[in-house]
Amino acid sequence: MFGANKAVDIKWRFGRAVRKRRRELDLSQEELAEKAELHRTYISSIELGKCNFSLENIEKLAKALNISIPDLFASCSINSEH
């Protein structure tokens, strides 16, 4: 059970990092989706911590948010243990 909670937690924290950066850049979900070549509902699901995302999509998001992948993860303590 602990593993399942940890998986949800990392998805939620990553989503928070994406939302925070998107807002810093004053982008709507639609604008981010277009820049990342992803669907807006997928961006929403990521921000809500409701979906698993691929490494390819993490890279697309980082590029669209003009941030490195490590910095995106670090922005909300994604890589820290809870």
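Position 1 is the first residue of the sequence, and the numbers go up from there. From a predicted model like this one, the values you see are computed outputs, not experimental measurements.
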Can you list the residues that meet the side chain to side chain donor-acceptor pair (under 3.5 Å) rule with E56, with sequence neighbours excluded? S54
Identified side-chain contact (heavy atoms from CB on, under 4.5 Å) counterpart of K20 within the set R22, R23, E24: E24
Would you say Y42 and N57 make side-chain contact, with heavy atoms under 4.5 Å? yes
Co-membership, hydrophobic cluster, residues I67 and I69, 4.5 Å side-chain: yes
Is the backbone N or O of N66 less than 3.5 Å from a side-chain atom of R21, with the two atoms forming a donor-acceptor pair by type? yes
Residue pair E47 / I43, side-chain heavy-atom distance below 4.5 Å: yes
Is it the case that atom NZ in K35 sees more than 12 heavy atoms from other parts of the structure closer than 6.0 Å? no
With rounding to the nearest 0.5 angstrom, report the CD1 to CG distance, I10 to N52. 11.0 Å
Closest non-hydrogen atoms of L27 and A64, given as atom of the first, atom of the second and distance, are CD1-O, 4.5 Å
Single hit among E34, R19, R40 for side chain to side chain donor-acceptor pair (under 3.5 Å) with Q29: R40
Side chains of F14 and L61: closer than 4.5 Å at any heavy-atom pair? yes
Taking a hydrophobic cluster as the set of Ile, Leu, Val, Met, Phe, Trp and Tyr residues connected by side-chain heavy atoms closer than 4.5 Å, whether directly or through intermediates, do L25 and L72 fall within one such cluster? yes
